[in-house]
Amino acid sequence: MKLIFEKHKEGRRGFTQAKPDVPETKGLDGKYMRKSAPRLASVSELDVIRHYSGLSRLNYSVDTNFYPLGSCTMKYNPKFTERIASLEGFTDVHPLLPQLSGGGMLAQGSLEVLYEAERLLSEITGMSAFTMQPLAGAHGELTGAMLIAAYHKANGARRKYVIVPDSSHGTNPASAAIAGYEVIVIKTGPDGYMDLEEYKKKLNKDVAAVMLTCPDTLGLFNPRIKEIADMAHGVGALMYYDGANLNAMLGKCRPGDIGFDVIHINLHKTFATPHGGGGPGSGPVGVGEKLIEFLPISRVIRRSDGTFALDYHCHKTIGYIAPFYGNFGVILKAYAYMLCLGREGLVEAAEAAVLGANYCRARLKAYYDLPFDKICMHECVFSASRQAKHGVHAIDIAKYLIDKGFHPPTVYFPMIVKEALMIEPTETESKETLDEFIEVMIEIARLAEENPSLVTQAPIHMPVKRLDETKAAREPNLRFR
Amino acid sequence: MSYIPHTKDDVKAMLKAIGVSRVEDLFKDIPAALRPKSFNIPPGKSESEVTEHLKKLASKNATGLINFVGAGFYDHFIPAAVDAIVSRSEFYTAYTPYQPECSQGWLQAIYEYQTVICELTGLDVSNASLYDGGTALYEAAMMAVRFTGRKKIIVDSGVNLIYRTMLYSYTSNLSIEFLETPVVHGQSSREELLKHVDDKTAAVILQNPNFFGSVDDYSDIVEKVHKNGALAIASVYPVSLGLLKSPGEMGFDIATGEGQSLGIPLSFGGPYLGFMAAKKELVRQMPGRIVGATVDKDGRRGFVLTLQTREQHIRREKATSNICSNEALCALRAAVFVSLLGAEGLKELAERNYQKAEFAKSELLRISGVEVKRSSPTFNEFTVLLPRQANEVVYRMIDKGFACGFPLGRFYKGMDNYLLVAVTEKRTKEDIRKFADCLEAVL
């Protein structure tokens, strides 16, 4: 498709301002003015609508395609939450309103949403309190790492290390490093769980925290997780829970009960807010009792008269991690979703998510290698190494699936599985959809043996064929000129 | 309501294929001792019940006030076409475009967004967006630290206090030295700032217009900063760039800012849009996603996520940032907003804001005891000195139906009588006149 800039025609306009209603005054001194106008497209409103509508049709999305992208929980995003988030009573509130004197009363509705969402998340996860401020999962991790640092500092210790397993999301070590920690990586054992012997060896009083995903990125729940937590606590380290996979745990197990001290949740995963093509997400952080005093400011509190207010009096706080109270519009959708599902709905979601993943696992394991062959939680991780012997790699499988109308699973992650295919079907996909996907996966396994080139040349039905990523990185063309 | 499609027969068939008899068997790895101690969540409600409940909460927010509060977050009009496009679920229910062949729409939209940001800021490269203006500024500061290998950063106190506070929070465990230099008569003090710039300085951070609304041309500062081998970082307000000298024209190395004013609702503080642009030699230090153009096997133009060796999913603890996502849907809002306006429209929008603010100044000046600081030019926001505490005035103006501005005493010591007033294109002549009349009455 042409770029919007290639549709430019001088003199065309897509929006007109109201006529000026105030007397014109002298303009700014020329030295403050820009010399060259930005080269933007001049197009009509219809041009804009047709352009972006056209672009939208080039995307796969949850609303148009099965999207079993492991670790991302691409479940259906209920439409009513969109309508709620677009109510003017929510969209038109300036974030500084509650900070004006008497202003707290001007945003009681929004403050109540934040307060109640925080309470629900606390109960769902077994944590004592939440900050709703982190703007994405990775942002939550960084906030968590900062909380951990503040906690140790207050206890007079400056610990140096954060432990992560080699199966962790890349954001875990990156967040720890950015917060100022050195990272110790623990290998995964042959059973698919973090190697406990190596963990014991590396754990000492210089370790600030252990960051774990649970269920882990292989989709497995480690039955010895409590032991891991107890050992960490034994040396004074804190336990960090990466909530990317919380969907499997709803009503089945709570990170707080296991002994996790700090957790982040991805509202755009577990709580069904749309992923928006990469964001906005929301990554609230929950803490146990002993970390509450370090939470970012401000905090939403409920006064004795039932009204809500912002509290800025937290002298041990890590400070400001977001300009205001978080991605309010996203939190609002997640809150509506939680109210709608309620207790039984949340449990059913976890159950159906785990059922779907195990169904895919059971039906595909005769065709693909399953490095850790046991019951999984919300996702299952296969390896395409059997197919790779015929020249059909995970990336080829992904591209063939695209041709067949499916968004591929996550490929090449976790890094500890060769040719990884990480399938997370989520609870909102029907058995028929799973069956169609499974049939195509079986067809690929057959083609890999009989006619691999049919797979390796895919996709052939998409607007573009495989793209030259090396050229993109070697000769960066990052904007239109 | 849980949006699960399975019938009883489906569940039975799936369990049979798995080889277990009950769903609960799939959770046997979770030991009994780790089952929830409580799960005290209210029972589910219908879509209509939840909608009614939240409509009630929405009505508890005071959205009827005529708004003159800005302070970095502005009440601009959003054309309906912007909402129409971001409501297309092929955009909003997709994820990060990891698989380019089925994500060309998103990738091209982000490439166009990057172009828009480069054009507005006058710089070479942009990323696919960051969380907000504050985190974008923090990332820019870290880029400068990595690029120069130095650890001292000078921050002009005209930079939004919220952003300065965020910078200090994020770096509290890193050995980075921050130095704040004063604003005098509304403008950055050259003398104070430049005397601290030396060969240990990684970057100087300035904001235009600054928090007090003052417009400046920082070219002279930037030139001297460069002589010391340091980088110059600007935090800017994108709507103002329709009119004001761009960071690129002033020689800045990195520009960041809050993109909320480009078609994104105020929405109580988020989701917003952090944008970042830089000179091309800094591209490999940039955080976040970047989209690049390339060709497919048949030589057709296509787009991919590129320069990924900077990123956490490949570099892990050695990545330039821990950022994984971007604010794509907000970036799309900005791209659509700017496409609707075009360069002419953006200039017109900026002019309207400027003219209305100038009109408001003249109306407020008529009130006895009110001073409008005229020592430096402003864009659409300015400070007013009141004969009494601004806090109190704001409180009384709420009763009259106005959110009349931000009391600077909340952020700056000794400025209790100062009010920061923002006037966007949405405020009519009548709004402004009524605002002045009411202000006169409450003083």
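Convention: sequence-line order gives letters A, B, ...; per-chain numbering from 1.
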Checking ring pair (Phe, Tyr, Trp, His ring centres under 6.0 Å) between A/Phe324 and each of B/Tyr131, B/Phe73, B/Phe268, which is the one that passes? B/Phe73
Strictly distance-based, threshold 3.5 Å: is any side-chain N or O of [X] a donor or acceptor partner for the main-chain N or O of [Y]?
X: A/Asp468; Y: B/Thr294; result: no
X: B/Arg88; Y: A/Arg57; result: no
X: A/Glu123; Y: B/Phe39; result: yes
X: B/Asp296; Y: A/Lys465; result: yes
X: B/Asn61; Y: A/Ser110; result: yes

Is B/Lys60 paired with A/Glu112 through a side-chain N to carboxylate O contact shorter than 4.0 Å? yes
Are any of the side-chain nitrogens in A/Asp21 or B/Lys356 under 4.0 Å away from the carboxylate oxygens of its partner? yes
Identify the two heavy atoms, one from [X] and one from [Y], that lie closest to each other, and give their separation to 0.1 Å.
X: A/Ile321; Y: B/Thr135; answer: O-CG2, 4.1 Å
X: B/Thr93; Y: A/Ser61; answer: OG1-CB, 3.2 Å
X: A/Gly251; Y: B/Pro36; answer: O-CG, 3.4 Å
X: A/Arg363; Y: B/Ala17; answer: CG-CB, 4.4 Å
X: A/Leu97; Y: B/Ala403; answer: CD2-CB, 4.0 Å
X: A/Met462; Y: B/Glu101; answer: CE-O, 3.3 Å

Selection from [options] maximising heavy-atom pairs under 4.5 Å formed with chain A:
options: B/Gly342, B/Cys118, B/Ala328; result: B/Ala328
options: B/Asn40, B/Leu340, B/Asn391; result: B/Leu340
options: B/Ile398, B/Asn326, B/Val23, B/Val20; result: B/Asn326

Need one label for [X]: side chain, backbone, both or neither, based on atoms under 4.5 Å from any heavy atom in chain B.
X: A/Glu45; answer: both
X: A/Leu87; answer: side chain
X: A/Leu220; answer: neither
X: A/Thr91; answer: both
X: A/His51; answer: side chain

Proximal component of B/Leu241, with respect to chain A [non-hydrogen, under 4.5 Å]: both
Interchain contact, B/Ser325 with chain A, by part (heavy-atom threshold 4.5 Å): both
Please say which of A/Lys75, A/Glu427, A/Glu429 ends up in a side-chain contact (heavy atoms from CB on, under 4.5 Å) with B/Ile4. A/Glu427
Between B/Ser89 and the options A/Asn59, A/Asn77, A/Asp63, the side-chain hydrogen bond (donor to acceptor under 3.5 Å, both in side chains) test singles out A/Asp63
Between B/Glu348 and A/Arg13, does a side chain to side chain contact (heavy atoms under 4.5 Å, CB included) hold up when you go through it step by step? CA-CA 12 Å; B/Glu348 185 182 62; A/Arg13 287 285 283 275; 2.8 Å; yes
Does any non-hydrogen side-chain atom of A/Pro463 lie less than 4.5 Å from one of B/Arg300? no
Test of understanding: with salt bridge (charged side-chain N to carboxylate O under 4.0 Å, His left out), list the residues that count as partners of B/Glu425, not counting sequence neighbours. none
Taken in chain and number order and not counting sequence neighbours, the residues that satisfy ring pair (Phe, Tyr, Trp, His ring centres under 6.0 Å) with A/Phe5 are A/Phe480
